[in-house]
Structures are given as structure tokens and as C-alpha cells.
Amino acid sequence: MRAVVCREWGPVDQLVVEERPPAPLEPFDVRVAVSACGVNYVEGLMVQGLYQVKIPAPFTPGMELVGHIVEVGGGVTDRHVGQRVFANVGIGGYVSEAVVRADRCLALPESLTDGQAATFMQSYLTGWFALTRRVQTSPGQRMLVLGAGGGVGLAAVDIGVALGLDVYAAASTDDKRALAAERGASALIDSSTEDVKARARELGDGGVDLVYDPVGGELGERCLRALGDEGTYLVIGFVAGIPQLPANQILLRNRRVVGVEWGGWAGRHPRENDALVAEVLALIGDGRLHPVEPTTYPLEEAGRALADLAERRVAGKVALIP
Ligand SMILES: NC(=O)c1ccc[n+]([C@@H]2O[C@H](COP(=O)([O-])OP(=O)(O)OC[C@H]3O[C@@H](n4cnc5c(N)ncnc54)[C@H](OP(=O)(O)O)[C@@H]3O)[C@@H](O)[C@H]2O)c1
């Protein structure tokens with residue numbers, strides 16, 4: 001089998017692919033021939049040693065994979081050879097073959113391609129957790145989504161529209177905005193040329209009800225001011241830096257700031273997360289949510305994939321194909 005390896009923390013172009021013997025199979029494991037590995041923004045941070053959780057090198061990055069079971073351990077009763085499964089492995093996902101605990105595998109709707117199946121989970125579960133568990137929304141509310149052509153932002157657009165929200169999508173390029181438009185955003189804001197805060201306020205008749213912010217930095221800070229009375233700013237991510245949100249702007253108009261950390265919550269609440277996953281899969285199954293078909297790279301080009309993502313060259317999601 002082949003594995004992408006980060007031998008030491010540093011630039012993503014230092015990743016290498018190593019040939020390895022197959023890992024041993026324990027009684028409750030399955031062996032998966034991987035067909036697509038999901039790539040997430042944070043994996044680039046992990047490789048550089050810049051993520052909040054420091055993973056000692058050497059390690060294989062990658063949290064999400066999809067493939068077919070080629071072998072089952074003696075204690076496994078509910079999985080079979082040939083079955084297509086998704087696994088959230090936490091780490092070690094950029095591989096051509098994986099040994100995974102059977103109870104960490106999930107069967108997914110056949111309607112999803114391997115690429116979609118390997119890349120939707122983190123983005124959609126974050127969005128669904130944020131918009132159904134961290135806040136309660138009502139149809140017709142107006143939501144500004146920042147980074148709306150990236151993985152997390154695009155999923156939020158899709159989920160917002162499915163919940164009946166009026167979604168304004170801010171993104172820097174035509175192709176990113178086009179993906180948001182395909183998912184039903186009612187207004188598109190060019191974040192590279194327009195004043196996103198002013199435009200959102202104008203669209204929202206003086207202020208929006210929700211700001212969904214996976215970007216942060218200066219843009220996030222400004223967009224707190226796009227909220228109207230009792231509006232809520234959802235803190236999702238910091239690709240452009242941690243925003244410094246002025247408390248006076250939270251006080252004014254009775255605004256709220258709500259933190260969202262899906263991954264940690266899911267680890268601490270596995271049963272509740274299973275329910276969340278089931279809800280998202282049902283909505284995908286009946287065609288109300290539409291995970292994007294990712295841009296793909298060969299496993300050998302993991303470094304290029306992570307660089308393209310970090311440097312904002314990718315619209316939607318990214319997958320590695322072993
Ligand atoms: N809270 C949670 O539970 C949770 C879960 C998953 C991920 N996240 C976080 O969400 C964030 C976004 O993840 P993602 O998967 O959507 O990433 P992504 O696919 O790379 O998208 C991020 C988008 O942010 C925009 N952006 C603006 N300034 C940027 C900058 N300086 N560097 C890079 N991108 C910039 C880019 O859009 P434009 O070019 O249009 O500006 C890009 O498309 C990450 O910080 C991630 O850690 C949080």
C-alpha cells in the first residue's frame with residue numbers, strides 16, 4: 001500500500017509517498033481499498049505544525065476516506081467484502097489502503113460519487129450542527145456566508161437554502177460564486193472587489209440575521225457590523241486570522257456571537273453526532289442537499305492539493321485519488 005508521509009513539520013511540498021507493507025487486521029477491523037481521500041484545510045496546518053493540535057512527525061495526514069472493503073476481521077458481523085464505506089479516521093487518511101475499526105465505517109447512499117462521499121462529511125456536519133444545534137433558524141431569515149465557495153462555506157449555503165433561509169454568498173472568484181449560485185444563494189457578493197459588509201446590509205434591509213464565518217480576519221471583524229437587531233455571528237474558522245470582535249458592536253443591536261466546534265463536540269457526543277449524520281444523509285438521500293463534486297489530484301500530489309487549497313485556488317472541495 002502507499003501512504004503520504006509528513007516526515008517533519010514544514011512546507012506542504014515536502015510530503016512524500018512511501019510504499020508500505022499491509023497493516024495487520026485485528027478481529028474488529030476491516031481492510032478498505034481506498035478510492036478517494038478527502039482533503040481539508042486543517043491538514044495543511046497539521047503538516048506545517050501550525051494546527052492547534054500538534055501531531056508528532058512522522059505521520060500520514062488525512063481524516064476522511066472512502067473505499068470498498070476487501071477483508072473483514074473475524075469478529076466483524078455487520079460488514080462484508082465489497083461494501084462501499086466512508087471512514088472518519090482522524091489521522092492517516094491519505095493512503096491507498098486503510099485498516100479501520102468496523103464500527104467507524106459508514107455505508108453511504110449510492111447516489112454520492114466516491115469523491116463527494118469522501119469530502120462532504122466535515123463541511124456538512126459543521127453546517128448542520130451550527131444551523132440546527134448551535135442556533136435555531138426560521139425560514140426567511142437572511143444569512144451572509146463568508147468564504148462561500150470554499151468547502152465549509154459552500155455547505156453552509158446549501159444547508160441554509162434547504163432550511164429556507166435567504167442566503168447571500170460572498171466569495172472572491174466567479175467559479176466560487178457560481179457554485180454558491182447553483183446551490184440557491186439569492187445574492188452573490190464579490191469579496192475581492194465589493195464592500196461585503198455594506199452590500200450585506202443593503203441586501204438585508206439594514207442588517208442580516210446570521211453571519212456564517214469560516215474566514216475570520218479583517219473580513220470577519222467587519223461583517224459583525226452587517227448584523228441587524230438580535231443578529232447572530234457564527235464563529236466557524238480562521239483561514240484569514242482570528243477576528244478581534246469589538247464588544248461594543250455585540251452590545252449594539254443586541255447581537256450574539258456563537259462558537260461552533262463540530263469535531264470536538266462529535267467526539268464527546270457520539271450518539272448525538274450519529275443522529276446529526278443520519279439527518280444529513282437523509283437530506284442528501286432525498287435530494288435536498290447537494291455535496292459538490294471535488295477537484296481531484298493523484299495521491300502523489302497531496303502537497304500541490306494542500307497548497308492550492310491554502311492559496312485559495314480551489315472552488316469547493318478537494319480529494320486525492322490513490
Ligand atoms: N468550526 C468547526 O467545527 C469547523 C469544521 C471544519 C472546518 N472548520 C474551519 O473552517 C475554515 C474553512 O475551512 P474550509 O474547508 O472551508 O477551507 P477552504 O475550502 O480552503 O475555504 C476557505 C475559503 O476562505 C476564503 N479565504 C479568505 N481569506 C483566506 C485566506 N487568507 N486563506 C485561505 N482562504 C481564505 C477563500 O475563499 P475566497 O477566495 O472566496 O475568499 C476559501 O475558499 C478552516 O479554518 C477550518 O479549520 C471549522
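Whatever order the structure lists them in is the order used to number ligands and atoms, beginning at 1. Only this structure's heavy atoms are used, side chains among them; waters, hydrogens and symmetry mates stay out. Positions are given from 1, in the same order as the sequence printed here. Treat the numbers as computed from the prediction; the structure is a model and nothing was measured.
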Check: Restricting to pairs with a member in residues 218-240, which pass side-chain hydrogen bond (donor to acceptor under 3.5 Å, both in side chains), not counting sequence neighbours?
Finding: D195-R222, D213-Y233, D229-R253
Next item on the list: Before accepting this row, confirm whether a basic side-chain N of the pair R7/E18 lies closer than 4.0 Å to the acidic partner's carboxylate O.
Entry: yes
Next item on the list: Could you name each residue pair satisfying side-chain hydrogen bond (donor to acceptor under 3.5 Å, both in side chains) that touches residues 90-107, not counting sequence neighbours?
Entry: R31-E97, E43-Y94, R101-D103
N or O contacts of ligand 1 with protein under 3.5 Å, please list pair by pair.
residue	atom	partner	partner atom	Å
ligand 1	1 (N)	I236	O	2.8
ligand 1	1 (N)	V260	O	2.7
ligand 1	3 (O)	W262	N	2.8
ligand 1	16 (O)	G151	N	3.3
ligand 1	16 (O)	V152	N	2.8
ligand 1	19 (O)	G151	N	2.9
ligand 1	37 (O)	K176	NZ	3.4
ligand 1	39 (O)	S172	OG	2.6
ligand 1	39 (O)	K176	NZ	2.8
ligand 1	39 (O)	R312	NE	3.1
ligand 1	40 (O)	S172	N	2.7
ligand 1	40 (O)	S172	OG	3.2
ligand 1	41 (O)	R312	NH2	2.9
ligand 1	43 (O)	K176	NZ	3.1
ligand 1	45 (O)	F238	N	3.3

Next item on the list: Using the test side chain to side chain donor-acceptor pair (under 3.5 Å), find all partners of T132 that sit at least two apart in sequence or belong to another chain.
Entry: none
Note to self: Using 0.5 Å steps for rounding, measure from the CG atom of L276 to the CZ atom of R133.
What the structure shows: 5.0 Å
Note to self: Strictly below 4.0 Å, N to O, side chains only: are R268 and E261 in salt-bridge contact?
What the structure shows: yes
